[in-house]
Amino acid sequence: MKKYICIVCGYIYDPQIGDPDGGIAPGTAFEDIPEDWRCPICGVGKEDFELQEEKITLKETKKDTSRDSKLAYNEIVKNVFSVGSQDWDRKLFDELIPLPDGTSYNAFIVKGSQKTALIDTVDPEKVDDLIDNIYDLELDSLDYIISNHAEQDHSGAIPMIIDLFPDAKVVTNAKCKQYLIDLLELEEEAFIVIEDGEKLSLGDKTLEFILTPWVHWPETMSTYLVEDKILFSCDFFGSHRATSSLFVYDEYKVVEDAKRYYAEIMMPFRNHISKNIQKIEQKEIKFIAPSHGPVYNRPQLIIDAYKDWISPRVDNKILIPYISMHGSTALLVDYLVKRFTEAQIKVIPFNLTKTDIGQLAIEMVDAATVIFGTPVVLGGVHPQVIYAAYLANMLRPKVRYASFVGSSGWGGKVINQFQSILNNVKAEIVDPVFVRGIPKDKDLDEIDVFVDKIIELHKKL
Ligand code: FEO
């Protein structure tokens with residue numbers, strides 16, 4: 001049975017304990033409590049409780065102890081090898097999102113009794129790692145190069161692999177084939193084109209292709225290894241992480257890394273992700289082997305995380321990305337943080353001169369509200385705030401409410417600027433507050449109306 005938390009005072013209703021003083025016997029599920037029951041601490045009703053999310057803690061991290069000790073260090077199951085590369089030093093992805101843990105470009109060799117396939121390759125800068133790892137396996141031949149996704153961090157080394165194994169055919173869908181021709185100048189004859197659901201036999205192992213568009217580009221697909229129940233999902237479920245561990249061993253950290261990845265790559269395509277999850281869940285999956293980050297030997301970990309991220313549920317959380325040039329906007333932000341904290345709403349200010357923009361993107365995945373804070377520069381919004389708002393608009397987070405605060409005498413133009421930038425964010429815009437110069441006591445009434453409005457909205461989340 002699930003625990004519920006009072007969003008007003010933080011009291012947690014634990015069904016195992018119940019609320020004997022309030023007439024609720026131990027063992028009563030929250031859903032079964034009478035509607036007139038009140039919070040024993042602050043007296044609010046059931047409507048002010050929300051499901052307490054079960055956080056994954058470090059105590060729950062797992063090491064894989066079930067593997068066959070005869071398998072090689074890079075072998076997921078018998079004859080399925082990880083041969084990709086760890087990019088420990090990469091600091092920026094897409095020249096946009098910071099990578100505190102580096103990243104990886106995973107590629108996999110599947111050796112069947114008759115044929116051998118390479119699933120995806122690596123960023124061209126790391127092709128030497130891929131070739132070294134393939135040579136270590138002393139393959140007699142390579143028959144197929146499966147390309148799940150044409151973006152160059154996975155496809156960029158295909159031409160070099162074809163040079164080494166000229167008889168290998170590139171197996172992919174029609175759209176991906178065209179992208180690969182455009183991006184890598186591959187020849188038409190290099191390809192075998194597959195359809196959704198088509199299978200390719202390697203002898204005692206069978207690959208099944210599942211088109212999973214928009215995770216991340218429209219041509220993306222996953223490859224399912226039928227006998228071993230491994231889903232090679234490419235970007236889908238990936239995490240920005242360089243690691244010497246083949247499998248996930250620190251679940252909490254990997255989910256955080258995957259959330260960073262999801263925020264930048266997947267978040268704008270939530271509807272497609274939902275359909276693709278339904279599609280892959282028709283398969284029994286023992287392992288998910290994405291093209292970034294470690295292999296999930298407990299696939300439900302990342303499937304459940306994705307389901308939560310794409311769901312309509314938002315956290316009782318407010319983000320305040322801001323810039324302050326001379327302290328006035330910072331004072332305003334400090335006041336908002338104080339008021340929202342007092343109201344027991346999680347609030348995170350992001351000083352954009354110091355912020356890891358990836359962390360802001362992570363928090364946007366499930367925040368209910370974002371409030372941008374800006375001074376006026378040359379008659380408009382500060383460019384750093386424009387950048388954060390533009391990024392939010394691209395990532396299309398599921399925030400319910402958005403607004404702006406700042407310090408200026410020229411608020412009208414600023415507000416118009418914000419509204420034009422945030423046209424993709426389907427949030428209710430709360431009337432903004434702009435003060436003239438430093439916030440003064442006379443401004444407090446207006447600021448408090450703004451804060452109270454948002455607090456009220458959050459009570460209804
Ligand atoms: Fe990891 Fe869309 O490339």
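Residues: numbered from 1 along the sequence shown. We count ligands from 1, going down the list as the structure has it; atoms in each ligand are counted the same way.
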Taking atom CD of Glu195 as the centre, report whether more than 12 heavy atoms of other residues, nucleotides or ligands fall under 6.0 Å from it. no
For Asp153, what is the atom name of its N, O or S atom nearest to atom 1 (Fe) of ligand 1? OD2
With a 6.0 Å cut-off (strictly less than), is the heavy-atom count around CG of Asp140, excluding the residue itself, greater than 12? no
Between atom 2 (Fe) of ligand 1 and Glu151, which N, O or S atom of the residue is the nearest one? OE1
I'd like to know if the side chain of Asp356 reaches the main chain of Gly358, judged simply by a donor and an acceptor atom lying under 3.5 Å from each other, with no hydrogens or angles considered. yes
Tell me whether His292 has at least one N, O or S atom under 2.8 Å from atom 1 (Fe) of ligand 1. yes
How wide is the angle at atom 2 (Fe) of ligand 1 between NE2 of His149 and ND1 of His216, to the nearest 10°? 100°
Whether His154 and His149 hold their rings parallel, tilted or perpendicular, with breakpoints at 30° and 60°: tilted
Where the side chain of His292 meets the backbone of Ser104, is there a donor-acceptor pair that is under 3.5 Å apart? yes
Could you pull out the atom name of the N/O/S atom in His154 that is nearest atom 1 (Fe) of ligand 1? NE2
Give the atom name of whichever N/O/S atom in Asp235 sits closest to atom 1 (Fe) of ligand 1. OD1
